[in-house]
Amino acid sequence: MSTNTELAKIFTAMATILEIKGESGFKVNATVKVARVLENLVEDIATVDKITDITGVGKSSATKIQEFIDTGSISSYEELRASIPQGLLEVMRVQGLGPKKVRQLWQEADVVDIASLRNAIDTGKLDNLPRMGKKTIENISESLNFIETTGNRTRIGIALPIAESIRGTLEQVSGVTNISIAGSIRRGKETIGDIDILASTFEPELLAKSFCELEDVATVFSHGETKCSVRLSSGMQVDLRVVDDNKFGSALLYFTGSKEHCVLLREIAISQDKKLNEYGLEPRNISETEEAIYADLGLPYLPPEIREDRGEGECKNTPTLVTTEDIQCDLHCHTLASDGKMTIKELAQEALRRGYHTIAVTDHSQSQPQANGLKPDRMLEHIESIRAVNESMKDITILAGSEVDILPDGSLDYDDDLLAMLDIVVASPHATLTQSTKESTKRLLLAIEHPLVHIIGHPTGRIINKRKGLEPDMPTLISAAKEHKTALEINANSYRLDLRDIHVRATVEAGGMLAINTDAHRAEDFDQLQYGILTGRRGWLTPKNCINCLEHDALQTWLVRNC
DNA sequence: GCCGTTTTCGGCCCGACTGTTTTCAGTCG
């Protein structure tokens, strides 16, 4: 785990412990903020000259961070950790339990972890506690069942289709005038905590009823006039908010978040003697559209994907972020030759159907036997087959390429003579993904510097919620990629989304090039593009930094630039 | 704990819903 990630976890834990101990909410918030800043930091915190120069990190936190860098631990954190049972941090994750109730459970019912909480419920130990009625205990018990069976946040590739389906169903309900997905799905985050739907309607009761009676609903948490919460049988929580039609913009802004972005906007409002909430921006009572609210605050329209309080408040103009319509080619796809399900021709026809001018066939190299990776002699035959199909199809260019393994020592899985015969080389790490930062940086650096490599495919090899992947020194890689004109891939597969958003942002700021590829194995995999686009947009990616947005001839020029 | 174009002290975003109360605390987003 990188130092930044480790420290972010420590500060998050510190904040939770402080909460349980009843410390000031402001102190808790400040600590949470330090954790967030560390999570979003691209460079290794150990390499930062003056830690207090980072906004949100003051003297006290900087001292703790420095202590961790020097010694590998933080004494005040260790003391804090020892002051409460460790299992209480887990208990805080139970829906409906906040710091006050957790403290009460601990001090008055000896609850120290999930198991003892379950036991306390089963033995009736909670029955006589103040403000702990039958319903509250029932709710805790139900949440406990849920946390015991699941846990992770949901990948956007799962959550977005569900959200779209719910939105589509509710849109048909009589009286609905406006309906939108909000929350972290609208912002395109790689994982989603719950689904937020915002609607306005002439018949709020009917909409709420329709929502709570959706086929997949397993539990109804709350069923109010303006807010309903349910859990689906899949475990996902869905919140529906109902607002007046003329307040839709301010409500959409509010419920899209992020929380940090909304705080930023309210602070900007306050500095202008205005007041912003989900009902609008006072004193001029602006609420109909998001655009009007941003305009009254003196800001350009900020797309949902960049609403993370990562500097968007400084924007003078709306950034021109990449869209799916800008994408003109896919440069990382598989066929039957390795582990894909399409022939070369089927792949090209699908690309044509999507309006692409170019498609790259990049099957696996020899070190991927489980994926039917091609030995050099098969690769040579495959190149011939690709050229033949390319000749036979008029309206699309089919590139003969390979997804070549970057071996653990940084060498490539084919020799240079073979690589030189290819139109495009995507070099990707697949195995030995537990290397140290030093080893993985060296490994990827060699591939970036290789003159025959065009793109580094899924640079870290992470699988969301499953595999951490490599943790190379990204600023070093980004700077080398710019220098050697090697593009870094955003693998659009929703399991991967690798590079992740903050590294895309760092690449864009460094002036480097990115690719957004679907890594398609079947025709429907092209639909994953939307997740890569969302990740790109979260990284402030513009079409001019994305090679998939190049016109046909410009792409050809880019491909031969180093050869 | 963090921050500063009135500030190095005194603020720090805000409203809905639930369950338990009988006027509101706690949680959530």
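In what follows, chains carry the letters A, B, and so on, assigned in the order in which the sequence lines appear, proteins first and then strands, with residues in each chain numbered from 1.
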*Salt bridge between A:Arg505 and A:Glu308, side-chain N to carboxylate O under 4.0 Å?*
no
*Would you call A:Glu39-A:Arg36 a salt bridge at under 4.0 Å N-O?*
no
*asked:* If I pick the P atom on B:dA16 and the same atom on B:dC9, what distance separates them, to the nearest angstrom?
replied: 38 Å
*Give a yes or no on whether a salt bridge exists between A:Glu142 and A:Arg231, defined as a side-chain N under 4.0 angstrom from a carboxylate O.*
yes
*State whether A:Glu190 and A:Arg462 are salt-bridged, where the test is any N-O pair (Lys NZ or Arg NE/NH1/NH2 against Asp/Glu carboxylate O) under 4.0 Å.*
yes
*Basic-acidic side-chain contact under 4.0 Å: A:Arg186, A:Asp196*: no
*asked:* With nearest nucleotide decided by heavy atoms, which residue, A:Ile270 or A:Ser222, maps closer to the 5′ end of DNA chain B?
replied: A:Ile270
*Say you pick atom P in B:dT27 and the same atom in B:dT21; how far apart are they, in whole Å?*
15 Å
*For A:Phe221 and B:dG19, give me the distance from atom CZ to atom C1', rounded to whole Å.*
15 Å
*When every nucleotide of nucleotides 3-10 of chain B is labelled 5' to 3' by its protein contacts under 4.0 Å (heavy atoms), B for base, S for sugar-phosphate only, - for none, what sequence of letters results?*
S-------
*Could you give the distance separating B:dG29 and B:dT23 at their P atoms, to the nearest angstrom?*
30 Å
*May I ask you to test the A:Val37-A:Asn40 pair for a side-chain heavy-atom distance under 4.5 Å?*
no
_Torsion-based syn/anti label for B:dT7, 90° from 0 as limit_ = syn
*Under 6.0 Å from the OH atom of A:Tyr495, do we count more than 12 heavy atoms belonging to anything else shown?*
no
*Find the distance A:Asn128:CG to B:dT20:P and express it as a whole number of Å.*
13 Å
*Identified pairing partner of B:dC9, criterion: Watson-Crick or G-U wobble below 3.5 Å*: B:dG4
_A:Thr136 vs B:dT20: side-chain N/O to OP1/OP2 distance below 4.0 Å_ = yes
_What does the B/S/- profile of nucleotides 21-29 of chain B look like, 5' to 3', with a 4.0 Å heavy-atom cutoff to protein?_
---BBSSSB
_Nearest whole Å is fine: how far is B:dC2 C1' from A:Leu18 CG?_
14 Å
*Examine B:dT18: is either OP1 or OP2 under 4.0 Å from a nitrogen or oxygen in the side chain of A:Lys134? Give yes or no.*
no
_Distance, C1' atom - from B:dT8 to B:dG1, rounded to whole angstrom_ = 15 Å
*Name the residue closer to the 5' end of DNA chain B, choosing between A:Glu267 and A:Lys135 according to the nucleotide with the nearest heavy atom.*
A:Glu267
*asked:* Salt bridge or not between A:Lys9 and A:Glu6? Use side-chain N to carboxylate O under 4.0 Å.
replied: no
*Inter-nucleotide C1' distance (B:dC12, B:dT20), Å rounded*: 30 Å
*Pick the P atom in B:dT6 and in B:dC2, then give their distance to the nearest Å.*
24 Å
*Between B:dC14 (P) and A:Leu253 (CG): distance, integer Å*: 15 Å
*Using a cut-off of less than 4.0 Å, is there contact between a side-chain N or O of A:Asn277 and OP1 or OP2 of B:dG15?*
yes
*Where does the angle between the aromatic ring planes of A:Tyr301 and A:Tyr294 fall among parallel (under 30°), tilted (30 to 60°) and perpendicular (over 60°)?*
perpendicular
*Within this structure, what is the NZ-to-P distance between A:Lys275 and B:dC12, rounded to whole angstrom?*
13 Å
*With respect to the phosphate group of B:dG19, does any side-chain polar atom (N or O) of A:Asn139 fall under 4.0 Å of OP1 or OP2?*
yes
*Output yes when at least one side-chain N/O atom of A:Thr31 is less than 4.0 Å from OP1 or OP2 of B:dG1, else no.*
no
*Taking the same atom, P, in B:dC17 and in B:dT22, what whole-Å distance lies between them?*
23 Å
_Pairwise side-chain contact, A:Asp44 with A:Asp473, heavy-atom cut-off 4.5 Å (strictly under)_ = no
*Salt-bridge test for A:Lys209 and A:Glu205: reply yes if a basic N is under 4.0 Å from a carboxylate O, no otherwise.*
no
